[in-house]
Trainee: 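I have a structure here, written as structure tokens, and I will follow up with some questions on it.
Sequence lines set the chain letters: A, B, ... in the order given, protein chains first and strands last, and positions in each chain run from 1.
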2 protein chains.
Amino acid sequence: MQRGQESSDAVKVRTLPVQVAAHLTRRIVSGEIEDGRAPSELDISREFGVSRVVARETLKILASLDIVEVAQGRRVVVRPPAEWDYLSPLLIEWMPTEIVGELLQELHQMRVLLEPELAAMAATSVTGETLDRLRDELDRMAALESDPNAYLEVDHEFHMEICRAADNRILDRIMYSARWLGTASRRITNEAPAALRKATCDHTEIYEALVARDPAAARAAMRKHLANNSNLLAEKEQQTKRAARRR
Amino acid sequence: MQRGQESSDAVKVRTLPVQVAAHLTRRIVSGEIEDGRAPSELDISREFGVSRVVARETLKILASLDIVEVAQGRRVVVRPPAEWDYLSPLLIEWMPTEIVGELLQELHQMRVLLEPELAAMAATSVTGETLDRLRDELDRMAALESDPNAYLEVDHEFHMEICRAADNRILDRIMYSARWLGTASRRITNEAPAALRKATCDHTEIYEALVARDPAAARAAMRKHLANNSNLLAEKEQQTKRAARRR
DNA sequence: ATGTCTAACTTGTCCTATAAGCTGATGACA
DNA sequence: TGTCATCAGCTTATAGGACAAGTTAGACAT
């Protein structure tokens, strides 16, 4: 892989090991690489025309995603897909769209379990500064309803702010790990015309429950918000399936 | 399922980069390294007497834990501890005990939110094979009540089996990520004399709810199990604090 | 004082060696 | 024939030196 061949997007230039890892992962997903037949450092080095250092870092990346297992002296082995790290943004990016669709649903299930409780926890421990920031984000979202992309950024910040207010590093990290899946999910749900206005409305309700430091109300408001998202997600899924059938 | 790698008590020889990364992390935690003053590849190479390749992989490890940020041309910077990846076993291993104690409590909070629902989900989708495996693990646990370490292994397997039965890769991965924290937690709770017998009893109850494919019962049984653990955890915490005060 | 530009420093990649660990085949011995 | 030790040939782990490419801060000119 020589240097001119990088993605024409020119948005994000990634390092060689990441590019090669993406190639290999897609090849594994497509079944081109059989179970035990993972390429060695030298194989990668030869095939992609990269140095052994790069091949090495490629394998480290794949290992960190639990896609392969590597140990000194032993041949690299591919691990079963059920054990891969689906919390990693990199892996998600490399997965085919149908899998990502499934993962979005599973992610939503997780959010339904965690976020209402996080909101309730936040209601008892939230500080004035956090409330100020939430207020600020609410205002910005209201002003950005015509710009879905920018809206999504703030949306994500809003949810993470609440998560942080709950004061639990483990739960915080979990929600953070799912950040890319999350934006992907919201990108779908927020596509609907009136979705943004409705979301702002939901967010306001959550905010007010936090101001009142009312855990039950915060939990209920967050639940309602997620239910609205769920409906949009389901609709979108239907559309996708119909389109696939037509094809 | 041999999901993890090393559960053996054999002393694990770690690679140089991991050792160096452990050193550096501890130094950062102790405040020896100031915010922006992270060592460069050459610094590490010189100070620890390792090659640049090793220094490089060290930084990659720290970056993958979100401890530092590294980019070409720029100096390495230390990220705020609030953003570190507390789901990683490596990081946990390197943290001082008081922090791990706090994390255990936060982990337990997460388990309380997720595991009862996972049990309920599993109750509707569990297969006969999974039930067989659970049955087998129950028997093995009953036979291992005198050997806490071996018991813990099976205990963990039991919980993960249920998680897998819920058929959600995201939730599965979350629970898997917390595996070491989990065993650490159970290592404390299962220390109590009668704890193992009580745990087996709880497990049996959960199992029977799954056999009956009764979500509500499964949720309730899991909740009870976690509440028992919680009591033990609280007791242990009290003891630790008392010991610390005496010191 | 301000803006430009180079020099120094940093990470990214390549090359070549050597050490260390595993696997399977070979062959000696019972 | 069967069992076990040994070794050759694979693999990854580490070392050292070189250059490319990106960033930053300070020198320099205006």
Side-chain angles (χ1 to χ4, degrees), chain A residues 1-7 9-24 28 33-79 90, chain B residues 2 5-6 8 10-24 28 33-79 90:
Chain A
M1 183 183 299
Q2 264 354 323
R3 247 156 262 138
Q5 193 223 292
E6 271 123 30
S7 72
D9 290 304
V11 175
K12 199 168 194 176
V13 180
R14 313 204 94 150
T15 63
L16 242 34
V18 173
Q19 295 178 49
V20 177
H23 267 96
L24 282 177
I28 292 173
I33 292 181
E34 290 170 35
D35 204 55
R37 296 275 168 218
S40 70
E41 288 182 4
L42 270 179
D43 293 336
I44 295 175
S45 172
R46 275 194 291 262
E47 175 172 353
F48 291 89
V50 296
S51 74
R52 233 194 93 201
V53 176
V54 170
R56 188 175 172 67
E57 284 192 11
T58 297
L59 285 179
K60 288 269 189 248
I61 292 173
L62 295 181
S64 79
L65 298 176
D66 284 345
I67 295 175
V68 301
E69 220 173 320
V70 21
Q72 183 172 6
R74 275 207 295 275
R75 196 175 184 84
V76 180
V77 294
V78 178
R79 302 182 63 172
L90 272 186
Chain B
Q2 291 337 348
Q5 40 285 43
E6 67 295 348
S8 68
V11 183
K12 187 157 140 220
V13 180
R14 316 207 84 155
T15 63
L16 241 33
V18 173
Q19 295 178 48
V20 177
H23 268 96
L24 282 178
I28 292 172
I33 292 180
E34 289 170 36
D35 203 55
R37 299 270 169 221
S40 69
E41 288 182 2
L42 269 179
D43 293 336
I44 296 175
S45 172
R46 275 193 291 262
E47 174 172 353
F48 291 88
V50 296
S51 73
R52 224 194 104 199
V53 178
V54 170
R56 191 176 170 66
E57 285 192 11
T58 298
L59 284 179
K60 288 268 189 249
I61 292 173
L62 295 181
S64 80
L65 298 176
D66 283 345
I67 295 175
V68 301
E69 222 174 319
V70 20
Q72 183 171 5
R74 275 207 293 277
R75 195 173 186 86
V76 180
V77 295
V78 178
R79 301 183 61 173
L90 272 185

Trainee: With ring-ring contact (aromatic ring centres under 6.0 Å, His included) as the rule and sequence neighbours excluded, what pairs involving residues 40-62 of chain B come up?
Mentor: B/H23-B/F48

Trainee: Restricting to salt bridge (charged side-chain N to carboxylate O under 4.0 Å, His left out), what partner residues turn up for B/R74, sequence neighbours left out?
Mentor: none

Trainee: Quickly work out the B/I44 CD1 to D/dA15 C1' distance and round it to whole Å.
Mentor: 16 Å

Trainee: At a cut-off of 3.5 Å, list every protein nitrogen or oxygen paired with a nitrogen or oxygen from nucleotides 11-14 of chain D, distance to 0.1 Å.
Mentor:
residue	atom	partner	partner atom	Å
D/dT12	OP1	A/E41	N	3.4
D/dT12	OP2	A/E41	N	3.3
D/dT12	O4'	A/G73	N	3.4
D/dT12	O2	A/Q72	NE2	3.4
D/dA13	OP2	A/R56	NH1	3.0
D/dA13	OP2	A/R56	NH2	3.1
D/dA13	N7	A/R52	NH2	3.3
D/dA13	N6	A/R52	NH1	3.3
D/dT14	OP1	B/L16	N	2.8

Trainee: Please enumerate all residues that pass side-chain hydrogen bond (donor to acceptor under 3.5 Å, both in side chains) together with A/R52, with sequence neighbours excluded.
Mentor: A/E41

Trainee: Just to verify, what does B/S51 make a side-chain hydrogen bond (donor to acceptor under 3.5 Å, both in side chains) with, not counting sequence neighbours?
Mentor: none

Trainee: Could I get the full list of side-chain hydrogen bond (donor to acceptor under 3.5 Å, both in side chains) partners for B/E47, not counting sequence neighbours?
Mentor: B/R27

